[in-house]
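Accompanying notes for the structure given below.
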Amino acid sequence: MKPLIIGIGNPHRSDDGIGPAVLEHLQPALCAYADVKTCQSDPSGLLDEWKGREHVIIIDSCCHDSVTPGTIFRLDGLRESIPADAVTTSSHAFSLADAIALGRQLNSLPTSLTLYAVVGQDFHFGTALSENVEAAIETLCEQIYSDLNPRESPCTNSPC
């Protein structure tokens, strides 16, 4: 089964839309290597999305007061906790951290879970990403390609 890449976020809340924005860049080049989905609603739906999957990559935005916007955090979602000072943004009562904790309790996590969180700056209504977050897309795409390690780089066909 192909890896699954999930972009979390609301594209109408500025930097919160980093997950779907990265998927727009990745999807054309990765169709042969991975399944790609967006999650704009409650992260509890992630439990169904990653059920039975071996490798899942999640892209989300986060807030971090002492880190420059556009900074990318990479975490092993099975072995590392989301730091309390790097809160993933959510307008829902159920967060990404909650989804992982519930998946752990239900023994329904994928074999591998990689989390990418990009520090956002602007979470107001609007569709434009802030300059630093927009600039992080290319680096994030390359990191995800590296994680997937396809035989030939899909970067030649990608806007990244």
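Starting from 1, each residue takes its place in the sequence as its number.
- Remark: Ser108 engages Leu47, Leu106 in a side chain to side chain contact (heavy atoms under 4.5 Å, CB included) (not counting sequence neighbours).
- Nearest heavy-atom pair, Tyr33 versus Pro3, reported as atom, atom and distance to 0.1 Å: O-CD, 3.1 Å.
- Phe125 places a side-chain heavy atom less than 4.5 Å from the side chain of Arg13.
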Does the side-chain contact (heavy atoms from CB on, under 4.5 Å) test come out yes or no for His55 and Ile57, once each step is laid out?
CA-CA 7 Å; His55 187 188; Ile57 297 172; 3.7 Å; yes

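- No side-chain donor-acceptor contact under 3.5 Å links Asp16 to the backbone of Gly9.
- For Asp48, the salt bridge (charged side-chain N to carboxylate O under 4.0 Å, His left out) test picks out no residue, with sequence neighbours left out.
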Step by step, work out the side-chain contact (heavy atoms from CB on, under 4.5 Å) result for Leu129 and Ile137.
CA-CA 10 Å; Leu129 299 173; Ile137 290 177; 3.8 Å; yes

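- The shortest distance between side-chain heavy atoms of Lys37 and Glu49 falls below 4.5 Å.
- How far NZ of Lys2 is from CG of Asp35: 5.0 Å, rounded to the nearest 0.5 Å.
- Defined by atom type and a distance below 3.5 Å, a donor-acceptor pair is missing between the side-chain atoms of Asp15 and Ser61.
- In this structure, the side chains of Tyr116 and Asp60 stay at 4.5 Å or more apart for every pair of heavy atoms.
- Rounded to the nearest 0.5 angstrom, Thr68 OG1 and His64 NE2 are separated by 10.5 Å.
- Ile100 is listed as a side-chain neighbour of Trp50, based on a closest heavy-atom distance under 4.5 Å.
- A side-chain contact (heavy atoms from CB on, under 4.5 Å) with Ile59 is found for exactly one of Ile8, Thr38, Ile6, Leu23, namely Leu23.
- Looking at heavy atoms from C-beta onward, Phe73 lies in side-chain contact with Val67 at the 4.5 angstrom threshold.
- Residues satisfying the side chain to side chain donor-acceptor pair (under 3.5 Å) criterion with Ser14, sequence neighbours excluded, are absent altogether.
- Among pairs with a residue in residues 118-135, none fulfils salt bridge (charged side-chain N to carboxylate O under 4.0 Å, His left out), at least two apart in sequence or across chains.
- Here the closest non-hydrogen pair linking Leu46 and Ala99 is CD1-CB, 4.3 Å.
- In this structure, Cys63 SG and Asp65 CG are separated by 7.5 Å, a value rounded to the nearest 0.5 Å.
- A 4.5 Å side-chain heavy-atom check between Ile58 and Leu113 finds at least one atom pair inside the cut-off.
- The two residues Gly70 and Ala136 make their nearest non-hydrogen contact at O-CB, 3.4 Å.
- The heavy-atom pair separating Pro20 from Pro11 by the smallest distance is CG-CD, 4.3 Å.
- Within the model, atoms CE of Met1 and OG1 of Thr111 stand 10.5 Å from one another, a figure rounded to the nearest 0.5 Å.
- With sequence neighbours excluded, the residues satisfying side chain to side chain contact (heavy atoms under 4.5 Å, CB included) with Asp76 are Leu78, Arg79, Glu80.
- Two residues are said to be in side-chain contact when any heavy atoms from C-beta on lie closer than 4.5 Å; Ile72 and Thr139 meet this criterion.
- Residues Val56 and Ser112 form no side-chain contact, since every pair of their non-hydrogen atoms from C-beta on lies 4.5 Å or further apart.
- In this structure, the salt bridge (charged side-chain N to carboxylate O under 4.0 Å, His left out) partners of Arg74, at least two apart in sequence or on a different chain, are Asp147.
- The shortest non-hydrogen separation linking Val133 to Gln121 is CG2-N, 4.4 Å.
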